[in-house]
Amino acid sequence: MQVLTGHGVFGSFQASMFGKPAECQCGKNIESVSHVILECELWRDLRPEWPKSWENKDLKELVPIHEFLSQASAIVKALYETLSMDWS
C-alpha cells in the first residue's frame with residue numbers, strides 16, 4: 001500500500017508530514033517511492049534484472065504484477081528496517 005500511496009517510510013512523505021529530512025540515505029535524490037523502488041543504488045541487490053517491458057511503466061501499472069510487488073515489498077521492508085536501526 002505504501003508504494004501506491006507514497007505514505008509511510010519514504011522521506012518525501014516524512015518531510016511533508018513531520019518535517020523530517022526528505023533526502024534519500026544514498027544522498028543522490030529525494031527519497032520518493034519511485035526513487036527507492038526503481039532507481040536507488042542502495043536497494044540494487046533487492047531489485048534483480050527486471051523485464052525490459054517494465055522500464056517505461058508507471059508504478060501503478062507495475063503493482064498488480066506479483067513479481068514486482070514482491071520485490072517492491074522487500075525494498076520497503078529493508079528501508080523500514082534501516083530507518084528503525086537509526087531511531088535506536
Side-chain angles (χ1 to χ4, degrees):
M1 192 55 118
Q2 290 184 50
V3 173
L4 283 175
T5 64
H7 296 176
V9 300
F10 301 102
S12 56
F13 176 74
Q14 294 289 316
S16 69
M17 294 300 292
F18 309 112
K20 294 185 178 183
E23 293 78 25
C24 183
Q25 297 173 52
C26 72
K28 295 183 180 177
N29 210 334
I30 298 295
E31 194 175 74
S32 66
V33 176
S34 60
H35 172 71
V36 170
I37 302 298
L38 302 174
E39 304 164 0
C40 186
E41 290 298 313
L42 293 176
W43 314 114
R44 179 180 13 156
D45 293 343
L46 297 174
R47 188 185 315 112
E49 281 291 318
W50 286 350
K52 294 283 183 196
S53 62
W54 292 7
E55 287 181 3
N56 296 318
K57 292 189 183 268
D58 185 75
L59 281 173
K60 291 179 182 179
E61 295 175 282
L62 293 169
V63 167
I65 302 170
H66 177 73
E67 183 182 357
F68 174 83
L69 187 58
S70 175
Q71 293 168 7
S73 295
I75 293 169
V76 171
K77 181 179 178 185
L79 174 62
Y80 176 76
E81 290 172 353
T82 300
L83 294 174
S84 294
M85 289 187 300
D86 290 344
W87 295 336
S88 303

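The figures that follow rest on heavy atoms only: side chains count, while hydrogens, waters and symmetry mates do not.
Atom CD1 of I65 sits about 6.5 Å away from atom OG of S53, to the nearest 0.5 Å. Atom OG of S12 is separated from atom CD of E23 by 11.0 Å, given to the nearest 0.5 angstrom. Rounding to the nearest 0.5 Å gives a distance of 8.0 Å between SG of C40 and CD of Q25.
The shortest distance between side-chain heavy atoms of W54 and E61 does not fall below 4.5 Å. The closest side-chain heavy-atom distance from L59 to S34 is below 4.5 Å.
Scanning both residues, G8 and Q14, for their nearest heavy atoms gives O-NE2, 2.6 Å. Nearest heavy atom pair, residue R47 against residue I37, reads NE-O, 2.8 Å.
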| request: Begin with the C-alpha distance, continue with both residues' side-chain angles, and end with the deciding distance and a verdict on side-chain contact (heavy atoms from CB on, under 4.5 Å) for E41 and C26. | output: CA-CA 7 Å; E41 290 298 313; C26 72; 5.7 Å; no

| request: List the steps, then state whether side-chain contact (heavy atoms from CB on, under 4.5 Å) holds for N29 with E39. | output: CA-CA 10 Å; N29 210 334; E39 304 164 0; 3.8 Å; yes

| task | Could you walk me through whether L38 and W43 pass side-chain contact (heavy atoms from CB on, under 4.5 Å), step by step? | result | CA-CA 9 Å; L38 302 174; W43 314 114; over 6 Å; no

| query | Are V36 and E31 close enough, and set up right, to give a side-chain contact (heavy atoms from CB on, under 4.5 Å), and what steps lead you there? | reply | CA-CA 6 Å; V36 170; E31 194 175 74; 3.5 Å; yes

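Screening Q71, K57, E55 for a side chain to side chain contact (heavy atoms under 4.5 Å, CB included) involving W50 leaves a single residue, Q71.
Around the CG atom of D58, the shell of radius 6.0 Å holds more than 12 heavy atoms that belong to other residues, nucleotides or ligands.
Note on L46: it clusters hydrophobically with V9, by side-chain heavy-atom contacts below 4.5 Å among ILVMFWY residues. A chain of hydrophobic side-chain contacts below 4.5 Å, direct or via other Ile, Leu, Val, Met, Phe, Trp or Tyr residues, connects F10 to V63.
Checked by atom type and distance alone, the side chain of S73 pairs as donor or acceptor with a backbone atom of L69 at under 3.5 Å. The closest donor-acceptor contact from the side chain of S16 to the backbone of F13 lies under 3.5 Å.
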